[in-house]
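So the structure is just underneath, and the comments pick up after that.
Read the numbers this way: they start at 1 and go in the same order the structure lists the ligands and their atoms.
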Amino acid sequence: MTPGSAQDRSTGVLVVGAGEAGVNLALALRGGGYEPAILVVGNEPDPPYNRPPLSKDFLNSLVTEEDLSLREPQLYREQRIDVLSGTEIVALEVGDAGSGSAETTEGFIHFDRVVLATGARARELPVPGAQLDGVHYLRDLTDARRLRHDLDRAERVVVIGAGFIGLEAAAVVNARGIPVTVVGREERVLERVGSAPLSEYLVAAHESAGVDFVMGAQVSELTGAEGRVTGVRLADGRTLAADLVIAGIGAVPNIELARSIGLTCEGGIVVDRRCRTSNPHVLAIGDCTTTAHPHRPDSLLALESVQSAINQAKVAAMELIGGEEAGENVPWFWSNQASLKIQIAGVSHGYEQAVVRTSEKDSGLTVLYYLDGQLIAGDCVNRPSEFLAIKRALAKNMTIDPSLAVDVATPLKKLVSPRKG
Ligand code: FAD
């Protein structure tokens, strides 16, 4: 690097990435009394915005672009936080104590400390035809604008991927009255994150609303005519007609900068519970990171959620300031799919036993997950009070006896008890 031009800037903390994690870090630093300059640099053209509505209310035209704004621009000015949009950090150099310089598309930035909040990008379809017009991803506002516009003319949609984004997008497409089929590689929807009862419940609800599912299917090719997609060919020879395809097949963490400065990356930038990377002077937060699995000490886990990004932002701010913020100890997540509000507390991955609570009185669902007889997580659909009871129990390191939890007549909060052993 050859820093020294008139365009050079200096800052106390440089935050790479102006998403949920980066913006919350800047605000938490100011909230914690950090005085030097803070510069948040993001490569997207738009000022920081909320990503979750992109696959929900924004796609369904229920909210406008203005409604997506992560914070009022005035707040950044008041808090003396410089947000530079449309600028990419293309190279980094970090010295022994964490200070260094960054090369951007506009010039150089010198910093005392740097935090990587580079997020993730949509995984691309690895099949012939993926470049055809009418094939969409849903990671950023540019994607969502294009998709929303294209949906106005769509007559038949196939969603590839039966994870949260695929199901949310399918629910919106269906609500817009466009026939939609979800194609999933796994045998059931949300197989990576939830239990069979949750998958069955969701499929039944989506099917009764009109969404079709083809599960256990491998996509081999996207067919096209005159440069536009016409269908999705499966490995078993079937072709599903489609003039618009939405691929929601997961996210790839943006770890290139981290790798370039020698940080350990395994499915994300590996961080400890204080958000320190393998270079303890460089912190990383949000969707670009992986950290210790709560139930499997030898494994790593990527928690791609708003709550995790905000939590890590608070922890990293205290790490930089020198304070003691423990952070929120229960990961949680939500997803809205038509009339279904799904709320998840804890991490169920690795569970041994699941207890399902359904009732004649409401159409909701609760699934409690256990490991070694102790509650580790819960999934709730349209059961906000049960979600809160589970989240609070986990936060207090309490449990709910699985043999009592089957009794759906007793409110869950009355069943919370201390752990045994
Ligand atoms: P991001 O929000 O991805 O921000 C990272 C930013 O850094 C991006 O703008 C990226 O372009 C930028 N960047 C990367 N490299 C550079 C560079 N070199 N220089 C400059 N800038 C760079 N979570 C929930 O909890 N509930 C939901 O309902 C939910 N719905 C979602 C729906 C969609 C469509 C998507 C895409 C995500 C959803 N999420 C949801 C996940 C949630 O939005 C993410 O977990 C969260 O946004 C992560 O924040 P982040 O700041 O780590 O990453």
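For the pair Glu187 and Arg192, the salt-bridge criterion is not met [side-chain N within less than 4.0 Å of a carboxylate O]. The residues Glu35 and Arg80 are annotated as salt-bridged, a charged nitrogen and a carboxylate oxygen being separated by less than 4.0 angstrom. Salt bridge annotation for Arg77-Asp82: absent, with no cationic side-chain nitrogen under 4.0 angstrom from a carboxylate oxygen.
Counting heavy atoms under 4.0 Å from ligand 1, residue Glu20 touches it through both backbone and side chain. Contacts between Lys56 and ligand 1 below 4.0 angstrom, taking non-hydrogen atoms only, involve the side chain exclusively. Neither the backbone nor the side chain of Asp140 comes within contact range of ligand 1; no heavy atom lies under 4.0 Å. With a 4.0 Å heavy-atom cut-off, ligand 1 is reached by no atom of Val90. Proximity of Trp334 to ligand 1, defined as any heavy-atom pair under 4.0 Å, is shared by backbone and side chain alike.
For ligand 1, the atoms closer than 4.0 angstrom to any heavy atom of Val16 are 17 (C), 19 (N). Near Leu138, with a cut-off below 4.0 Å to any heavy atom, the atoms of ligand 1 are 34 (C), 36 (C). With ligand atoms numbered from 1 in the order given, ligand 1 contributes 5 (C), 6 (C), 7 (O) to contacts under 4.0 Å with heavy atoms of Ala117. Ligand-side atoms of ligand 1 in range of Ser305: 23 (N), 25 (O), 45 (O), range being under 4.0 angstrom from any heavy atom. The distance from ligand 1 to the heavy atoms of Glu44 drops below 4.0 Å at these ligand atoms: 8 (C), 9 (O), 11 (O). Contact atoms of ligand 1 toward Ser55: 32 (C), 33 (C), 34 (C) (distance under 4.0 Å to a heavy atom of the residue).
Between the side chains of Asn254 and Arg121, at least one donor-acceptor pair of N or O atoms lies under 3.5 Å.
Residue contacts with ligand 1: Glu256 is excluded, as none of its non-hydrogen atoms falls under 4.0 Å. Within the 4.0 Å heavy-atom shell around ligand 1 one finds Thr87.
With distances taken over non-hydrogen atoms, the option nearest atom 51 (O) of ligand 1 out of Gly119, Ala102, Ala21 is Ala21. With Asp287, Ile255, Thr105, Thr104 as candidates, the residue nearest to atom 48 (C) of ligand 1 on a non-hydrogen basis is Asp287.
Under the 30°/60° scheme for interplanar angles, the aromatic rings of Phe213 and His206 are found to be tilted. Ring geometry, Tyr369 versus Tyr351: the interplanar angle exceeds 60°, so the pair is classed perpendicular (tilted spans 30 to 60°).
The list of ring-ring contact (aromatic ring centres under 6.0 Å, His included) pairs with a residue in residues 269-318, not counting sequence neighbours, reads His293-His295, His293-His349.
Each of Thr118, Leu84, Thr104, Val114 was evaluated against Ile89; a single residue qualifies, Thr104, per the side-chain contact (heavy atoms from CB on, under 4.5 Å) test.
For Gln74, the CD atom counts as loosely surrounded, since its 6.0 Å shell holds 12 or fewer non-hydrogen atoms of other residues, nucleotides or ligands.
Residues that satisfy the side chain to side chain contact (heavy atoms under 4.5 Å, CB included) test with Ser69, not counting sequence neighbours, are absent from this structure.
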